Amino acid sequence: MDEFKHPLFFEAKDMTDREIAKVSRYFQKRRDSGGGDCGMIEKAGGNTYKICFKEIEDQERVLQRKLHHISLPSGELCLNVTRSYCPENFDQPSTSQQKTLKKVNTKGLEKIFQLDIFLMYFLRDNVKAYTLLQKQLSCIGCQVELHFDEEETVVRGDIEKGPGGAFGAAEKWELQVDRVIISLTESYLCYHVVEQKKAQILRQDLSFVTDDIKVYKEGGYPVVVGETETVNAKIAMLEKNLPTRKELPIVEKLFKLVEEVFSGEMRAQYPEVKVTIGSAMVTLEGPDKEVQSGADKLEELNKKVKEKRLKLSPALLLFIKSSGAVSKYQARFQQRLRNPVSLEVGSELVMSSLSSDALDEAEATLQRDFDVANVPLQAALAATSDLCRVREMLFKAKNEANSRELRVDVSFMPGIDGTPNTKVHLVGYRENVNKLKEVLHDYQIDQVWTQELLNVPNPELLDCFDKILVIIGMKQDKVTLKVSLLPYPCVVVSGPCRLVKEAQQDLISALASLTSDTLILDGPGAQQYFQAEGKVSKELVESSFQVIVKEQQGVPSKPRSISSPVTSGLAPGPLPGLLCRTTGSNVAMKTSLEIKLGSLIDAQGNVMVVPMLNMNLASTMIGKCLIQKAGNAIKSKFDSVAAICTVAPGEVLQVDAPPSLGCSKLYFIECSPWDGVRGPSVEALGKGLKTCLDLCVQQRYNSIFIKPGYPDSEECYEDVYRHPGLNLNQEGQAIFRSLTSDLDEITMTVGGGVKLQLVFGDITNETTDAVVNTTNFVDFQNGVCKDILTVAGPDVEAELKAAKISRRDVFVSQSGSFPCEAIFHVSGKKNAIVIKQLVIRIVEQCESHQFKSVAIPAICAGAGGMDPGLVAAAILQGVKDATSSVHLNFLTNIRLILIKINVFLAFKEEAMQMFSTAVSNKVPVPQFPQVQQPQPPPSVGADLSIVCNSSTSQQSVFQVLGVSRKDVDGARAKLKDLYQAQCSSQTFKQEELKSLTQDDLKDLKQLVETEGLYVELSQGTLKVSGLKDGVNKVTQMINASLHGSLIRQARVREEKDLYARVAWCILGQTGNWERLPKTANHNLEINHVGEKIVDALGNKWTVDLPRMEATKYLGGKTTNLKRLEHLPDFILPLYWDNMAAGETLKTVELLPTHAEYRTVKEAFKRTVGKTVLKIERLQNVHLRRAYEAQKKQISDKYKQQGGECEKLLYHGTTQDNCESIIKTGFNRRFSGQNATSFGEGTYFAVKASYSAHPTYSKPAADGSQLMFVARVLTGLYTQGQSDMRVPPPVSDQDGHDRYDSVVDRMNCPQMYVVFHDNQAYPDYLITFKQWWAVRASKAFSAGLNINRI
């Protein structure tokens, strides 16, 4: 082999293959011979052998030894190795002669066989063969040993243990052993693979080695050992796989179609086969079997070639053949298609390919790229006079197309019966055929009457287009020019096609010659003047200077006069004020937008959104309400705009609103009939709402009023609002600086830092850890339950149907397909108390499952039909109690998901009252309506600034358009003089402005904007400039405010005086009385309540004074009113009843139906199981006055630490002491009656159960007991001691600064002791009894009644 390049030579008499193999192994072992990697030993000639080494270093080491001694079976072989071939004669015995030795002793025989070393290896490696040999020898009492180093096989036998007890004669034993060994050598074959090609195949083919066949490579060439038949079969197979060569004749055209596939498959399947492609011949070289398989593969591919015939017109076939398209498309198909396609043109176009798909793609390409067209000429053009021009035009276009290659051909087809030529025949590439058809079409169309639309530079100039035609001197003689608003603002040019095009060019050129400039006048009043009394003067200026004057909306960023030619555009644009179909706009400044919801009566905003069907104002409930409210004013405005526009679903019609509607604009959204929340109607409404918000940005409106009412359905707006259609942005930028709505999310922090959120949305969109489902565990196809189970899947529904749950329990199920960890199923039983308890259990379940977040719906407010206000109070109170009473380790976020607008607003109102931390996510501070309180006199420097405006933001802009610069400048100067002659200014001093209130300033600002005045503030004085009438109106308003200020000041004093004497109160949601503001207090006192009252939170109420009731304007909730008249020297607490003049003590028994009774009783019953007989409120003026004074003292003392630390505690008493405490209060001098373990003061318990003990609340004769609920000022407290008469000092440095109270223990005190009588006030007296005593008393009374009968 080529890699063994370093030969050495030695002489030896003929060696057997076995001896050659052993010598070869000797030279491979470096420790024996110094050699290394070498090739097989070859005979060089005579008795000379050659062996080649791979590395020259191995060759040198072998030469360093003079003689090499090798032990062979025939004896020791001594070799002299040289570099060159120098034959010498050695007298050496032949190594092929085998020796068999036999040793005999008295007890046994031994015979040595010189077997082939590879057969010995095989016996070692093949357990089956070696076991068989041992078994055969053991039958004759022998054993075998393999000596690999000596290459000897030793058989030993014991004479005494032979068959029959002895071997008999030695010759007989030897004969038996020979038979076994001869059978072994005949059964197995050692085949030495010396031929290099066979050896190479054998080294690469690992399949030769099996359990019964072994291949040994130690001799430099492979040796195959195994059973004789098996080895022979393997060698025959090896010889069969020797390389062979086969030549296959081919047809080149056919072979090109299969060449790529054939070559690829040969490389993949038969990599050993070498493929040579020649002229009309393919040669395959490699293993015989694989070569034959390759030949079969080629024949198979040739048979798979498919053919497809296209019937094309003779003209097109001729063009394809003559234009060279055949070779061009064959090359293209070769590159682009998966399989090549050949083309042949005859009577048909024949396509051939391996792939049907390739044939289909080729056919589609040819059909797409080529075309034949017969274009008929108009009768006029077919005449001889015009036909020459047509020929000349078409041949010119044909020559241009065929400048590089033949692309198209043109011919003329005569008419029938010798009539003039009437058709043009075009054949060639479709692209060029179409171009010639366009040329011919354009030529013919120029002679046809047509109508074109021309977009003007500024659509706002369309209403004066006739004036523009006059000043540019364009006449309408050959074509007609007409203004049109559809399909977009444009000019319609009608006439012959060629003349129409000429007219368009002339009009564009004439418009481009015009000169335009801008006139800027201070104050928007200039536009008002020229639209009213100055209109005639403006028209005179236009006729005198031959110009057009147009008012413009808005002011350029840099006010300057410029002259710029008017250019025309090509893209249509929307007409401002009428129809809007585009929702995008480029806005330089982001605006703040507030979305308002509510009834039509209270609609206040810049814009009102109104749905409609088929452009019919009365098609919806909102439209009918508008007609009732505004009458013919709205109908006429709507009809005038609708007459010139058409709208599709989702588009918006803009109409100016009548003043009676309280808004500036009406946006009518064209809707589709309601078809559900996933249909086209929702898409149309969503598109319309987005367009409305875009228009608010374009027109700089900051408030939009939307009444939830899609044709007779509230659900539509809710679903559209929940969709992401209102998260508007343009090109990655937000449109609004802030977007607020009545439905914005409310966030507040409750106990333990837990975040509580009110969200208007769908609970099925939540991804919290837990989700709450409200159900009655019977019907699962209504409301929230249906929605949740639809998402969760049938497994959850089946689990829920099988659930057995009792009242007030929470059933926890798997989440199924719902994106949460678990679903909590509850039944509110349409009971507010149950709902509150369920919410507490839900929070506990979240903690036990270690959930961080939970989503809760409005339980029973939807399908349950409960009042949303009651549900809101129950759920929010449950959240408040659960988070404040237990320390939460896991739950951090509670989301209340409210799907109805009225429910969300009810929760929002309740949350604002219950939680001081409640804020809207869109507004930093909660924005409540302003309470009706008189405004103090404004600060002139600060408040008047809202009236002021900049000269640039309040300018009037006019566009002056004319044919020359001189005319435009003259008109501008004249208009400026006319306006300045109508203006004046007035300055107001600071003394004249002091009486202005905030409301006056708002009115003044509106007047300034309405009259278009310019206002500036300088050193406390206000200068107003503008039209004379507007300035005069401002003067009248400021003078009127001076008079109104005196009246307001008197009202403020009157309200303040009444507020000190009388307190009107309203019963709040929590059952506590809340004082009304001064204005409401005054209106109730003088019975001036016709226009509702407003409470401290901004809620509006209608009042029924005879019944002392108030009804909430939004929600319809009714509550009670109360009037308290304070004593001259004492302000009554809000929860007290009125007291007569001179009355200092009053006992009021509470009714069990009142919230005050329930609050006191519930606190008592938390720790006491006895029956409450009655609860009395104690109203002692003297005691309460002293208590309040002490409370103020402690409150001031601990102002920084949080006030007076007032607590409601319990004090048991007896019938004897009760009356004394009611009249004179708690007296510490009586301490010691029930022990003084923590000091000589008055004792109060945290839990009622302690005070209810008979030791402290001694039962009367009838078994009843008494207990006071006392207000106690515990202040700063410390550990009590039995010997204390007063609290100890807080520090040793100041002995006068003492603690306010002492306790039984510092850690969670259960008892408080005070040493100052005024630190406690007996607020309520509870009379109670053991339940069995109550029953006994009733039974006794019943017995008395029977006796009386």
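In this text, all values refer to a predicted model and were calculated from it rather than measured experimentally.
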Peer 1: P7 versus I51: any side-chain heavy-atom pair under 4.5 Å?
Peer 2: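 No, side chains not in contact.
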Peer 1: With sequence neighbours left out, what residues match R61 under salt bridge (charged side-chain N to carboxylate O under 4.0 Å, His left out)?
Peer 2: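 So R61 forms a salt bridge (charged side-chain N to carboxylate O under 4.0 Å, His left out) with D58.
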Peer 1: With salt bridge (Lys or Arg N to Asp or Glu O under 4.0 Å) as the rule and sequence neighbours excluded, what pairs involving residues 131-144 come up?
Peer 2: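 Residue pairs with at least one partner in residues 131-144: there are none.
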Peer 1: Please list all pairs meeting side-chain hydrogen bond (donor to acceptor under 3.5 Å, both in side chains) that have one or both residues in residues 254-277, counting only residues at least two apart or in different chains.
Peer 2: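 As it turns out, the side-chain hydrogen bond (donor to acceptor under 3.5 Å, both in side chains) pairs with a partner in residues 254-277, which skip direct neighbours, are E265-K297.
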Peer 1: Between atom SG of C52 and atom NZ of K50, what is the distance when rounded to the nearest 0.5 Å?
Peer 2: 4.5 Å
Peer 1: Centroid separation under 6.0 Å, is that true for the rings of H849 and F890?
Peer 2: no
Peer 1: Please tabulate, for side-chain N and O atoms in residues 351-358, each donor-acceptor pair with protein atoms closer than 3.5 Å (sequence neighbours left out).
Peer 2:
from	atom 1	to	atom 2	distance (Å)
S353	OG	P340	O	2.8
S353	OG	S355	N	3.3
S355	OG	D357	N	3.1
S355	OG	A358	N	3.1

Peer 1: Would you indicate whether K852, at its atom NZ, is surrounded by more than 12 heavy atoms from other residues, nucleotides or ligands within a distance under 6.0 Å?
Peer 2: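 No, NZ of K852 has 12 or fewer neighbouring heavy atoms, counting only those of other groups under 6.0 Å.
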Peer 1: Mind checking the CG-CZ spacing from L406 to F319? Nearest 0.5 Å is all I need.
Peer 2: 4.0 Å
Peer 1: Quick one: pull up OG1 in T131 and CD in Q136 and give me the separation to the nearest 0.5 Å.
Peer 2: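 Rounded to the nearest 0.5 Å, the OG1-CD separation comes to 11.0 Å.
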Peer 1: Would you call the rings of Y329 and Y429 parallel, tilted or perpendicular if under 30° counts as parallel and over 60° as perpendicular?
Peer 2: parallel
Peer 1: I need the minimum non-hydrogen distance between I56 and H6, along with the two atoms involved.
Peer 2: N-CD2, 3.5 Å
Peer 1: What are the two closest non-hydrogen atoms of T153 and L115, and how far apart are they?
Peer 2: OG1-CD1, 3.4 Å
Peer 1: Once rounded to the nearest 0.5 Å, what's the spacing between atom CG of N339 and atom CG of L359?
Peer 2: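 Going from CG on N339 over to CG on L359, the span is 9.0 Å.
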Peer 1: Go through it in stages, so that I can follow the logic: the residues are F53 and V62, the test is side-chain contact (heavy atoms from CB on, under 4.5 Å), and I'd like the CA-CA distance, side-chain angles, deciding distance and then a yes or no.
Peer 2: CA-CA 10 Å; F53 292 89; V62 172; 3.8 Å; yes
Peer 1: Closest heavy-atom contact between L63 and L8?
Peer 2: CD2-CD2, 3.5 Å
Peer 1: Is R25 close enough and on-axis enough to Y121, meaning under 6.0 Å and within 45°, for cation-pi?
Peer 2: no
Peer 1: D116 and C190: which non-hydrogen atoms are nearest, and at how many Å?
Peer 2: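 The pair with the smallest heavy-atom distance is OD2-CB, 3.9 Å.
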Peer 1: Are I213 and V231 close enough that some pair of their side-chain heavy atoms sits under 4.5 Å apart?
Peer 2: yes
Peer 1: Under the side-chain contact (heavy atoms from CB on, under 4.5 Å) rule, what do K311 and L349 come out as? Steps first, then yes or no, please.
Peer 2: CA-CA 7 Å; K311 293 184 178 181; L349 180 62; over 6 Å; no
Peer 1: For a 4.5 angstrom cut-off between non-hydrogen side-chain atoms, does F113 reach E152?
Peer 2: no
Peer 1: Using the test salt bridge (charged side-chain N to carboxylate O under 4.0 Å, His left out), find all partners of K306 that sit at least two apart in sequence or belong to another chain.
Peer 2: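 If we apply the salt bridge (charged side-chain N to carboxylate O under 4.0 Å, His left out) test to K306, skipping adjacent residues, there are no hits.
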Peer 1: With a 4.5 Å heavy-atom cut-off, do V345 and V326 have their side chains touching?
Peer 2: yes
Peer 1: Going by heavy atoms in the side chains, are Y130 and R124 under 4.5 Å from each other?
Peer 2: no
Peer 1: Taking E361 first and then R338, would you say they form a salt bridge - that is, a charged N and a carboxylate O separated by under 4.0 Å?
Peer 2: no
Peer 1: If we only count heavy atoms from C-beta on, is the Y49 to M15 side-chain gap below 4.5 Å?
Peer 2: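 They are in side-chain contact.
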Peer 1: Are any non-hydrogen side-chain atoms of Q814 and D795 less than 4.5 angstrom apart?
Peer 2: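 A side-chain contact under 4.5 Å exists here.
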Peer 1: Please name the pair of heavy atoms, one in A822 and one in S815, separated by the smallest distance, quoted to 0.1 Å.
Peer 2: N-CB, 4.1 Å
Peer 1: Looking only at atom types and distance, does a side-chain atom of T230 sit under 3.5 Å from a main-chain N or O of G226, one as donor and one as acceptor?
Peer 2: no
Peer 1: Given N126, which partner from the list D211, L132, D212, V225 fulfils the side chain to side chain contact (heavy atoms under 4.5 Å, CB included) test?
Peer 2: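 Going through D211, L132, D212, V225 one by one, the side chain to side chain contact (heavy atoms under 4.5 Å, CB included) with N126 is satisfied by D212 alone.
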Peer 1: Closest approach of C142 and G157, non-hydrogen atoms and distance?
Peer 2: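 Heavy atoms of C142 and G157 come nearest at SG-CA, 4.0 Å.
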Peer 1: Give the intermediate values and the outcome of side-chain contact (heavy atoms from CB on, under 4.5 Å) for residues I41 and V23.
Peer 2: CA-CA 8 Å; I41 296 176; V23 173; 3.7 Å; yes
Peer 1: Does the distance from a Lys or Arg side-chain N to an Asp or Glu carboxylate O, for D17 and K22, drop under 4.0 Å?
Peer 2: no
Peer 1: For K54, does the NZ atom have more than 12 heavy-atom neighbours from other residues, nucleotides or ligands under 6.0 Å away?
Peer 2: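 No, because the 6.0 Å sphere around NZ of K54 holds 12 heavy atoms or fewer from other groups.
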Peer 1: Hey, what do you get for CG (L123) to CD (Q134), rounding to the nearest 0.5 Å?
Peer 2: 9.5 Å
Peer 1: For F122 and Y188: C-alpha separation, side-chain torsions, deciding distance, then whether ring-ring contact (aromatic ring centres under 6.0 Å, His included) applies.
Peer 2: CA-CA 9 Å; F122 181 79; Y188 295 95; 5.3 Å; yes
Peer 1: Taking the side chain as everything from C-beta on, heavy atoms only, tell me whether V177 gets closer than 4.5 Å to I140.
Peer 2: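 Yes, close enough: below the 4.5 Å cut-off.
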Peer 1: Could you tell me whether E405 and K328 have a side-chain N and a carboxylate O separated by less than 4.0 Å?
Peer 2: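 Salt bridge between E405 and K328, a charged N being under 4.0 Å from a carboxylate O: yes.
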Peer 1: Applying ring-ring contact (aromatic ring centres under 6.0 Å, His included) to H68 and F27, what does each step give before you reach the verdict?
Peer 2: CA-CA 10 Å; H68 291 269; F27 284 112; 5.7 Å; yes
Peer 1: Taking side-chain hydrogen bond (donor to acceptor under 3.5 Å, both in side chains) as the definition, give me every residue that meets it alongside D125, ordered by chain and number, with sequence neighbours left out.
Peer 2: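 By the side-chain hydrogen bond (donor to acceptor under 3.5 Å, both in side chains) rule, D125 matches Y216.
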Peer 1: For the pair D769 (side chain) and E821 (backbone), establish whether a donor and an acceptor sit closer than 3.5 Å, ignoring hydrogens and angles.
Peer 2: no
Peer 1: Check the pair F10, T48 against side-chain contact (heavy atoms from CB on, under 4.5 Å), reporting the backbone distance first and the verdict last.
Peer 2: CA-CA 6 Å; F10 63 88; T48 303; over 6 Å; no
Peer 1: Is it the case that R430 places NZ or CZ above or below the six-membered ring of F370, under 6.0 angstrom from the centre and within 45 degrees of the axis?
Peer 2: no
Peer 1: Distance from L248 atom CG to T283 atom OG1, nearest 0.5 Å?
Peer 2: 7.5 Å
